[in-house]
Amino acid sequence: MIKTKLLDKYADARAEMILLLKERGIADESVLKAMSEVERHLFIPLPLRNHAYDDAALPIGEGQTISQPYTVAIMTEELHVKELDKVLEIGTGSGYQTAILAAMGIRVFTIERLPGLLKTAKQVLESLNVRFVSKMSDGTIGWREFSPFDGILVTAGAPEIPKPLIEQLKVGGKLVIPVGSQDFQQMKIVTKVDENNRCEIIDKADFKFVPLIGKEGWHEDDSR
Ligand code: SAM
């Protein structure tokens, strides 16, 4: 016990983060367990590590962020996935969300458009022996080769729901995606109800994400 604490000086801070997530309404035990196991500080640039367990988004370079722990928790909970399910994540960023899904026993396929971020994320994930499949690409068009997915998680804000992502979901599967302007987005929980790509959509709270940039997202020259 003492040895574990010495090795993990952030253990208390992580336990406090889990308490806060419970207070904010996160109830899925598999999500809470994964978030209590994965060391968020390892996904954060060294100078900011003392803030790793604050309930805040933090910069990870290239103008991008690692999402706030509450956001990671609620999005993962809303996916309603279980061990061995196949999930596509759009926006690898730091790799933290990838590690959370993998810790839940999910088969994770993750796409990032910025090569520098993907390289760093892969190094961290591989050093932790996390199992995942990744590629550098435009995630707005999905990853047809590995579809259909049990769930799709988009960790950047979209102007609208990208059609290819609906097509690549299993019937009954959920797409969790923030949709709105570049200033704020509403979290949408999209459930595919039949093979004709009909969906039920539930709107959740407002969030603020970095933009989803790509063919079916914002374009590089869209004004902010
Ligand atoms: N899931 C990340 C984590 O745990 O750190 C958070 C990622 S950050 C909020 C959003 C990421 O989406 C950024 O790294 C950004 O480069 C990426 N992104 C934006 N548009 C994308 C696209 N079309 N395809 C793939 N990644 C994209």
Side-chain angles (χ1 to χ4, degrees), residues 17 31 34-35 38-45 48-49 51-76 78-79 87-104 106 108-125 128 130 132-144 146 149 151-165 168 175-180 182-185 187 207-222 224:
M17 177 187 83
V31 175
M35 292 187 70
V38 176
E39 298 180 302
R40 188 172 189 258
H41 62 275
L42 299 178
F43 297 85
I44 287 171
L48 293 171
R49 282 200 178 168
H51 296 284
Y53 297 97
D54 296 356
D55 195 20
L58 294 170
I60 53 171
E62 307 205 31
Q64 306 302 319
T65 53
I66 177 172
S67 302
Q68 181 183 349
Y70 175 71
T71 308
V72 172
I74 191 83
M75 291 181 83
T76 311
E78 291 290 357
L79 263 186
V87 168
L88 175 65
E89 177 195 20
I90 315 293
T92 316
S94 68
Y96 178 68
Q97 173 78 69
T98 311
I100 296 297
L101 291 166
M104 292 168 64
I106 308 292
V108 194
F109 298 80
T110 184
I111 305 178
E112 172 56 56
R113 64 180 281 273
L114 297 174
L117 287 185
L118 185 59
K119 186 170 174 238
T120 307
K122 279 175 81 170
Q123 279 167 354
V124 177
L125 291 165
L128 297 171
V130 174
F132 65 101
V133 182
S134 67
K135 73 169 172 177
M136 201 224 11
S137 181
D138 171 10
T140 66
I141 57 170
W143 200 342
R144 207 164 284 278
F146 290 109
F149 297 96
I152 300 180
L153 197 57
V154 180
T155 69
E160 51 195 51
I161 299 169
K163 278 209 184 70
L165 301 187
Q168 293 174 35
L175 162 66
V176 178
I177 180 169
V179 178
Q182 290 203 13
D183 292 324
F184 73 94
Q185 307 86 31
M187 191 67 72
F207 288 82
K208 177 157 178 50
F209 279 83
V210 294
L212 180 74
I213 297 172
K215 185 165 178 279
E216 306 284 335
W218 296 101
H219 299 136
E220 299 261 23
D221 54 2
D222 282 331
R224 289 195 53 94

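As the structure is a prediction and not an experimental result, all values here were calculated from the model. All ligand and atom numbering here is 1-based and tracks the order in the structure. Numbering of residues begins at 1 and proceeds along the displayed sequence.
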For ligand 1, list all ligand N or O to protein N or O distances below 3.5 Å, rounded to 0.1 Å.
| residue | atom | partner | partner atom | Å |
| --- | --- | --- | --- | --- |
| ligand 1 | 1 (N) | Glu89 | OE2 | 3.0 |
| ligand 1 | 1 (N) | Gly91 | O | 3.0 |
| ligand 1 | 1 (N) | Thr155 | OG1 | 3.4 |
| ligand 1 | 4 (O) | Gln97 | N | 3.0 |
| ligand 1 | 5 (O) | Ser94 | N | 3.0 |
| ligand 1 | 5 (O) | Ser94 | OG | 2.6 |
| ligand 1 | 14 (O) | Glu112 | OE1 | 2.7 |
| ligand 1 | 14 (O) | Glu112 | OE2 | 3.4 |
| ligand 1 | 16 (O) | Glu112 | OE2 | 2.6 |
| ligand 1 | 20 (N) | Ile213 | N | 3.0 |
| ligand 1 | 23 (N) | Asp138 | OD1 | 3.0 |
| ligand 1 | 23 (N) | Ile213 | O | 2.6 |
| ligand 1 | 24 (N) | Gly139 | N | 2.8 |
| ligand 1 | 26 (N) | Arg113 | N | 3.3 |

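- Using bins of under 30°, 30° to 60° and over 60° for the plane-to-plane angle, the ring pair Phe207/Phe209 lands in the tilted bin.
- Applying the side-chain hydrogen bond (donor to acceptor under 3.5 Å, both in side chains) test to residues at least two apart or on different chains, the pairs with a partner in residues 52-69 are Arg14-Tyr53, Arg24-Asp55, His41-Tyr53, His51-Asp54, Asp55-Gln68.
- Counting only distance, with no hydrogens or angles, the side chain of Gln168 and the backbone of Phe149 share no donor-acceptor pair below 3.5 Å.
- Atoms CD and CD1, on Glu78 and Ile177 in that order, are 14.5 Å from each other to the nearest 0.5 Å.
- Residues satisfying the side chain to side chain donor-acceptor pair (under 3.5 Å) criterion with Ser134, sequence neighbours excluded, are absent altogether.
- Screening residues 88-97 for side-chain hydrogen bond (donor to acceptor under 3.5 Å, both in side chains) gives Thr76-Gln97, Glu89-Thr98, Glu89-Thr110, Thr92-Thr110 as the qualifying pairs, with residues at least two apart or on separate chains.
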